[in-house]
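Encoded as structure tokens, the structure appears first; notes follow it.
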Amino acid sequence: MPAEPDGLPSGAIASETAPGGEPGYARVVVDSRLPQLDRLFEYRVPPGMTGVEPGVRVRVPLRGDRMTAGWVVETADARAWEGEVADVEKVVSPVPVLQPEVWALARAVADRAAGGAADVLRVAIPGRQARVEKQWLARERSPLPALPALAESEAVLPRLVEDRRRVAIECAGGVAEVVDLSDAIDSGATNRTAWVGRWAIALAAIARQAVERGEQAIMVVPDHRDQRQLRIALSAAIGSERVVELDARQKNPERYRGFLRCIDGDPVAIIGPRSAVYAPAANLGLLAIWEDGDPLLSEPLAPWVHARDAALVRQSQSGCALVLAGHARSSDAERLVELGFLEHERLGAHRVRVLPSALTDDSRRVPAVAFRAAKEALATQPVLVQVARPGHAPGLRCGDCGVRARCTSCAGPLGRSARGAVPSCRLCGRLAAAWRCQSCHGTTLTEVGRGSTRIAEELGRAFPGVPVMVADGEHERLTVDAKPRLVVATRGAEPIADGGYGAVLLLDGDALLSREGLRVAEEAVRQWATARALAADGATVVLTGAGGTTVTAITGDTTVPFAKAELAERRSLRFPPAVRTASVVGHPDAVAEAIEVLGVLEHLDVLGPVPAPADVVKGSREGELERAIARFAYADGARVAGIARGRVLAAAARPRKPGAPPRLRIRLDDPEPFDGL
DNA sequence: AGCACGCCGACT
DNA sequence: GTCGGCGTGCTC
């Protein structure tokens with residue numbers, strides 16, 4: 001058996017209460033951000049109070065009569081705490097929203113990330129909706145209808161769930177038509193069809209393996225666009241009654257309704273964004289992460305855990321099957337493959353041809369080969385044009401002296417959102433109506449670069465009579481029909497075309513690769529692979545402005561060698577994911593102390609400390625704080641997290657001015673410091 | 001966090 | 001004598 005990716009501590013919920021009768025004491029995790037309060041507190045269950053059970057929400061006094069929200073983790077007849085014990089004030093709701101598995105997961109994830117369990121629970125458990133809860137408590141459990149007939153295309157990765165396999169899947173692209181039953185209940189419509197990525201159909205077939213065994217499947221997707229495709233594919237594969245959505249975009253009641261359905265324990269597929277990895281599934285057969293390389297899977301709240309890491313912890317606790325899938329292999333997944341922890345799998349085959357094309361000169365924005373491919377395809381099919389930036393002109397310069405035009409209030413770059421529009425700041429959005437150059441006082445502006453709308457205009461002129469559509473953050477489009485048209489989309493905003501695109505033009509490869517950052521090349525390959533996957537079988541994909549290993553990653557039929565090369569390079573440089581990192585930010589004294597204590601570990605090195613950028617910790621002044629980065633081996637993860645937690649705890653006890661930033665903040669595996677490398 | 005407890009310098 | 005400074009400790 002291969003080694004675990006790293007050491008993972010565990011926790012457990014228990015009930016020491018004799019069956020029948022009310023427990024005497026409850027041990028509660030309180031909903032607090034303070035590291036000092038990240039442990040269980042014992043309370044007495046006052047005589048006459050009922051419903052104090054593991055998992056329920058309670059209100060408890062903490063420090064005098066101030067009330068705090070919390071969750072009961074365990075109950076007991078005998079007290080374990082020697083000191084004074086206060087009474088549980090009330091049971092907020094009878095629903096056991098904190099399932100034992102989720103408590104163990106939150107505890108282990110928090111320990112691994114050197115954070116608080118309550119911070120994880122805040123992500124894991126949605127806010128209570130009293131009305132929804134009432135409906136749920138009064139529900140009638142009706143048996144689920146029989147599974148739909150098995151489609152022949154579903155014969156993929158046999159016994160994945162049954163054998164509890166752990167696999168990294170590289171999915172080839174392409175789209176396919178499925179019967180869309182996903183909202184038939186709402187619309188009453190029947191026999192509608194929708195086009196979804198073949199990846200969604202493959203994942204749905206895998207989820208079916210779990211459901212057939214009477215188990216639950218959790219499938220985490222980066223955004224609602226992927227979630228929609230997966231919902232449609234799952235509805236066809238297992239029936240819409242077995243699809244539970246946990247979408248942060250949903251209204252709160254909807255979200256809570258989905259959450260409660262998980263608790264029922266029915267064999268369903270649970271789909272949702274990064275927080276869905278914590279869904280209260282008690283009989284989990286499968287945990288899948290789609291596009292595990294997508295930065296959206298990184299939780300932007302303390303303790304900043306990536307859904308992939310939470311999934312690894314959860315898999316080790318539950319022993320379920322594990323899938324990390326994507327159109328491109330992430331360097332993180334590749335590390336786990338090379339470690340022997342994940343099997344390598346590949347689904348489908350590319351049915352497109354990819355042509356690299358150098359940028360010959362900037363005035364000919366669309367290279368001849370791309371132009372030809374588009375023209376040919378537009379006879380019968382839509383064509384996708386992927387661009388790097390939205391709007392008209394992403395940058396502006398002074399027409400007289402050439403200095404970059406900047407916002408007068410925040411110094412962000414000025415751009416133009418539409419032809420002839422008033423320049424506006426791309427950071428804060430402020431309009432710069434009467435712009436005047438700071439250095440030469442000139443008033444004319446020249447445009448730098450091309451955004452989606454400008455490229456759309458230019459292509460519209462180049463292909464007269466062809467409709468042009470823009471899809472970006474402002475103009476959201478999920479789908480387009482099969483009619484010939486040009487679809488200009490920013491990366492990540494590409495609509496799915498019925499039948500697939502006849503050609504895909506990946507413009508702006510240079511702009512994508514010119515940024516600095518550890519993951520720039522990997523992220524570019526991922527975004528190209530995502531767009532390539534939207535092409536119809538037999539289509540031509542043209543990649544412009546890229547060079548080196550990124551080109552062969554996308555012209556070949558697998559991205560695995562690219563991921564291997566990326567990982568090998570990171571190993572030689574000691575960069576993540578070859579190593580783990582601890583970003584230590586705070587008062588110079590506290591940072592120095594933390595580094596000193598961490599320094600006892602053998603395979604740990606420290607970069608810095610250097611003055612921290614002011615925006616790293618909000619509320620801090622420039623130069624006030626320092627930052628150091630410690631790099632360490634996965635095997636030392638538990639020890640580093642323990643030390644980090646100890647230092648943060650010690651620093652929290654030190655007095656500081658009200659409103660001042662924390663004296664010490666330690667983030668494990670923070671990607672931010674490496675963005676600029 | 002936020003508050004009480006406690007031990008040293010200037011005050012009516 | 002005692003009022004109040006904020007370093008230290010604690011929250012069941």
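Convention: sequence-line order gives letters A, B, ...; per-chain numbering from 1.
- The CD-C1' distance, from E42(A) to dT11(C), rounds to 15 Å in whole Å.
- With hydrogens and angles disregarded, no donor-acceptor distance shorter than 3.5 Å links the side chain of E522(A) to the backbone of S330(A).
- E89(A) has its CD atom 20 Å from the P atom of dT11(C), to the nearest Å.
- Across all strands shown, L62(A) has heavy atoms under 4.0 Å from sugar-phosphate atoms exclusively, and none from any base.
- When heavy atoms are screened at a 4.0 angstrom cut-off, E84(A) is found touching the sugar-phosphate backbone but no base atom.
- In this structure, CD of Q36(A) is placed 15 Å from P of dT8(C), rounded to the nearest angstrom.
- By the stacking rule of 5.5 Å between ring centres and under 30° between planes, W81(A) stacks on the base of dC12(C).
- Look at CG on D65(A): it is 15 Å from C1' on dC12(C), rounded to the nearest Å.
- Among the protein residues, R39(A) comes within range of the nucleic acid bases, having at least one heavy atom under 4.0 Å from a base atom.
- Checked by atom type, the side-chain pair E133(A)/S93(A) shows a donor-acceptor distance below 3.5 Å.
- Rounding to whole angstrom units, CZ of residue R66(A) and C1' of dC3(B) are separated by 7 Å.
- Protein atom CG of L34(A) is 9 Å distant from nucleotide atom C1' of dG2(B), rounded to whole Å.
- Looking only at side-chain heavy atoms (C-beta outward), R627(A) and S583(A) come within less than 4.5 Å of each other.
- Taking atom CZ on R59(A) and atom P on dC12(C), their separation rounds to 14 Å, with Å as the unit.
- Scored by the salt bridge (Lys or Arg N to Asp or Glu O under 4.0 Å) test, D226(A) finds no partners at all (sequence neighbours excluded).
- Residue R63(A) contributes atom CZ, which lies 12 Å from atom P of dG2(B) at whole-angstrom precision.
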